[in-house]
Amino acid sequence: MNSSVLSPAQLERTDGWGQVAKALNYVYRPTTVAGIQRVLKLARETGRSVGLRGGGISYGDASINAENILLDLSRMTRILDWNPDTGIIDVEAGVTMRDLWRYIVGDGWWPSVVPGTMFGTIGGSLAMNVHGKNHWNAGTLGDYTLEFDAVLPNGDVITCMPDETPDLFHSIISGFGMFAIITRAKLQMKRIESGRLRTTSRSADNLQSLLALMDEHKDQSDYLVGWVDCFAKGKKLGRGQVDASNALTQAEDPRAEQTLRLAFQDVPDTIAGIIPKSILWRFARYATNNFGIRWLNFAKFRAGKLQHGNRNLNSYAAANFMLDYVPHWKKAYLPGGLLQHQCFLPFETAELAIRKMLQLCQRRGYPSYLGVIKRHPADDKFLMAYSLDGYSLAMDFRVTKRNKAALQQLMYDLDEIVIDAGGRFYLAKDAHLYPVALAQSLGAARMERLAALKHEYDPNNLLQTNLSRRLQIDQLTTS
Ligand SMILES: Cc1cc2nc3c(=O)[nH]c(=O)nc-3n(C[C@H](O)[C@H](O)[C@H](O)COP(=O)(O)OP(=O)(O)OC[C@H]3O[C@@H](n4cnc5c(N)ncnc54)[C@H](O)[C@@H]3O)c2cc1C
């Protein structure tokens, strides 16, 4: 690597998962800490900033850094240590959730927290502090992190632990790559006796009953997720389905040993052993419009009603990574891509706010194509906490040349409803939030801490992304 010039050969176009945010960046993919330190030195010498990227599956602009350096950690994929007696694993930052569960499941362990897709890396997942369908009862990935190593912008390597370095530990985790580069993490996995979960699906005729179902079943469930038909109106507004899943014990599963095998967990890549799933998105493209999705939602709701109360056995992988079932499904949203709006709302205001959001989207002619509701716990101790004791609503919108401006305005108007309801946002999904909205939702104390830590650990604003510039993180001042 030439120490003072950026080679045009490093220029690559990268995008956010939603395919809306795109950038040309100088991409470097080191495999060692020394390699990371060399990239930081190069950035200082060439006056460029450094953005971090793991799997690149944040929806918006969190892992792109236009015309600057993008440090891609996805080649740091070694599993450094695994203890099948304690369930403690030590991994490099580029190990993905997929690598992780596939490595441990045969020993009767599963990651304590997994998000809705398996393609994120541990580094990127810690930087956003991801949650799963068990958030309200299990917390976030950061809660199962025993220690991690990180490289500071000045090149120093530090080890962080929750009790010994609490400030850095709780800020680098959740800190969206603004303070340090995570290179290694030691995580606690959870014991499982069978590779299967029992899922009970319940249909809800409207939003009120959907939220009530989630609350009614949360104390007896290990995982919980709600699906909303965002096209339904009037008395049916917010209708949908709640899936509640529980781990099977060894005694409950006569095939426990087989179900812990990879062959059982791996999601098949064909339908009925014939049709490759990888081509499905091509057909899905023709249905990805208001007409097609309205009918798909209707059909899903009707099918759910017929199956109300049914119990199904699913593998852990199938239950946790439903969205990975159709490979490349996001391509159905091309050429414009998709925007997701995800907000977290307190219990008391959630129902009214969700009602207003669904109605607003319908009035503007942009009902969400996918609506997902989850249950979450109260505020946590991580710096960029997004959780509140209540619900989150995630909605996906198809972007086209014609609707781009109108959708942008819709996002801002949805944000206003969220802020009025005392809600919060999650940067992993964000592509539009503006600085004032972040400050209003995060609160003054956390914004002050964010500014102070940025000044202390990255005084020259070496670590930046398109997201951080949009949110003006480099301009934050301390009082
Ligand atoms: C279909 C789908 C479903 C999802 N479901 C969920 C869900 O249920 N729950 C949930 O919480 N999230 C969910 N997500 C979001 C996803 O889990 C997060 O965006 C996660 O951060 C992705 O990991 P990544 O490795 O791709 O990170 P990237 O997107 O590459 O990066 C994320 C952030 O981390 C920073 N970063 C990357 N690597 C490092 C590092 N080594 N050190 C420090 N900072 C770093 C980047 O600068 C960026 O700000 C979902 C995403 C998709 C596409």
Side-chain angles (χ1 to χ4, degrees), residues 14-19 21 25 30 33 36 49-65 69-77 91-100 113-135 139-142 148-153 160 171-185 223 225 320-330 333 338 340 342 344 370 372-374 376 384 386-387 392 394 396 426-431 463-468 470-471 473:
T14 55
D15 56 14
W17 192 83
Q19 312 160 108
N25 340 241
V33 168
I36 292 174
S49 64
V50 178
L52 309 178
R53 184 171 174 102
I57 62 156
S58 293
Y59 274 68
D61 48 2
S63 52
I64 58 177
N65 193 20
I69 291 174
L70 191 63
L71 188 56
D72 180 330
L73 284 305
S74 63
R75 286 175 70 215
M76 295 188 71
T77 54
V91 296
E92 285 189 334
V95 165
T96 61
M97 283 288 171
R98 180 175 187 271
D99 301 332
L100 188 61
V113 166
V114 293
T117 174
M118 57 177 107
F119 298 111
T121 63
I122 296 304
S125 301
L126 283 172
M128 288 301 186
N129 201 17
V130 301
H131 65 273
K133 297 182 184 75
N134 55 356
H135 192 187
T140 58
L141 187 64
F148 64 83
D149 286 348
V151 182
L152 292 172
C160 296
S171 311
I172 294 176
I173 295 181
S174 85
F176 60 110
M178 286 295 100
F179 309 114
I181 302 141
I182 299 167
T183 56
R184 175 193 75 87
Y223 298 92
V225 63
N320 279 285
F321 305 122
M322 272 182 290
L323 290 171
D324 295 336
Y325 250 70
V326 180
H328 318 300
W329 61 268
K330 66 174 183 176
Y333 284 84
L338 79 148
Q340 183 168 105
Q342 184 171 26
F344 292 72
L370 179 66
V372 175
I373 292 196
K374 285 188 271 185
H376 303 276
M384 301 301 289
Y386 48 83
S387 189
S392 66
D396 287 358
Y426 182 27
L427 297 182
K429 305 293 185 78
D430 176 54
L463 297 179
Q464 295 185 28
T465 56
N466 279 30
L467 168 76
S468 75
R470 174 162 56 81
L471 293 174
I473 301 300

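Indexing begins at 1, ligand by ligand and atom by atom, following the structure's order. Residue indices begin at 1 and follow the sequence shown. Note that the structure is predicted; figures quoted are calculated from it, not measured.
- Contact annotation for Met128 and ligand 1: only side-chain heavy atoms (C-beta onward) come within less than 4.0 Å of the ligand.
- For a threshold of 3.5 Å applied to N or O pairs, the pair formed by Asn129 and ligand 1 contains no separation below that value.
- When non-hydrogen atoms are compared, ligand 1 lies under 4.0 Å from the backbone of Ala180 (N, CA, C, O) but not from its side chain.
- Of the options Gly94, Gly51, Ala62, the smallest heavy-atom separation from atom 49 (O) of ligand 1 is shown by Ala62.
- The closest non-hydrogen atom to atom 15 (C) of ligand 1, taken over Met118, Met97, Lys429, comes from Lys429.
- Leu338 is listed as a side-chain neighbour of Lys330, based on a closest heavy-atom distance under 4.5 Å.
- For a threshold of 3.5 Å applied to N or O pairs, the pair formed by Gly54 and ligand 1 contains at least one separation below that value.
- Residue contacts with ligand 1: Tyr426 is included, with a non-hydrogen atom under 4.0 Å away.
- When each of Asp61, Leu427, Thr465, Asn466 is tested with Leu471 by the rule side chain to side chain contact (heavy atoms under 4.5 Å, CB included), just one qualifies, namely Leu427.
- Geometrically, ligand 1 and Thr121 share a nitrogen or oxygen pair separated by less than 3.5 Å.
- The shortest N/O to N/O separation between Leu52 and ligand 1 falls below 3.5 Å.
- Residue Val130 holds the heavy atom nearest to atom 17 (O) of ligand 1 of all those in Thr14, Ile181, Val130.
- The protein non-hydrogen atom at the shortest distance from atom 2 (C) of ligand 1 is Thr117 CG2, 3.4 Å.
- Under the rule for a side chain to side chain contact (heavy atoms under 4.5 Å, CB included), the partners of Ser49 that lie at least two apart in sequence or sit in another chain are Asn65, Asn68, Gln464, Arg469.
- Not a single N or O atom of Gly120, backbone or side chain, sits closer than 3.5 Å to an N or O atom of ligand 1.
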### Query
Would Arg470 and Asp430 count as a salt bridge (charged side-chain N to carboxylate O under 4.0 Å, His left out) if you check the C-alpha gap in whole Å, the side-chain angles of each, and the deciding distance to 0.1 Å?
CA-CA 11 Å; Arg470 174 162 56 81; Asp430 176 54; 2.9 Å; yes

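- Side-chain contact check for Leu71 versus Ile181: some heavy-atom pair is nearer than 4.5 Å.
- At least one N or O atom of Ser58 sits closer than 3.5 Å to an N or O atom of ligand 1.
- For ligand 1, the polar-atom distance check finds no N/O of Phe119 at less than 3.5 Å from any of the ligand's N/O atoms.
- Considering only non-hydrogen protein atoms, atom 18 (C) of ligand 1 sits nearest to Ala428 CB, 3.8 Å.
- Both the backbone and the side chain of Phe176 come within 4.0 Å of ligand 1, judged by heavy-atom distances.
- For atom 51 (C) of ligand 1, the closest non-hydrogen atom on the protein side is Tyr59 CE1, 3.6 Å.
- Looking at Leu323 against ligand 1, only its side chain comes within 4.0 Å, counting heavy atoms.
- Tyr333 pairs by the ring pair (Phe, Tyr, Trp, His ring centres under 6.0 Å) definition with nothing, not counting sequence neighbours.
- Residue-to-ligand polar distances keep Pro115 apart from ligand 1: every N/O pair is separated by 3.5 Å or more.
- Contacts between Lys374 and ligand 1 below 4.0 angstrom, taking non-hydrogen atoms only, involve the side chain exclusively.
- Under the 4.5 Å side-chain criterion, counting only non-hydrogen atoms from C-beta, Lys429 is not in contact with Tyr386.
- Of the protein's heavy atoms, His131 O, 2.8 Å lies nearest to atom 9 (N) of ligand 1.
- Nearest to atom 27 (O) of ligand 1 among the protein's heavy atoms is Gly124 CA, 3.4 Å.
- Backbone and side-chain nitrogen or oxygen atoms of Arg53 are examined, and none is located within less than 3.5 angstrom of a nitrogen or oxygen of ligand 1.
- Near Gly177, the atoms of ligand 1 lying under 4.0 angstrom from a non-hydrogen atom of the residue are 44 (N).
- For atom 44 (N) of ligand 1, the closest non-hydrogen atom of the protein is Ala127 CB, 3.3 Å.
- Among all protein heavy atoms, the one lying closest to atom 5 (N) of ligand 1 is Gly116 N, 3.2 Å.
- Among all non-hydrogen protein atoms, the one lying nearest atom 24 (P) of ligand 1 is Gly55 N, 3.4 Å.
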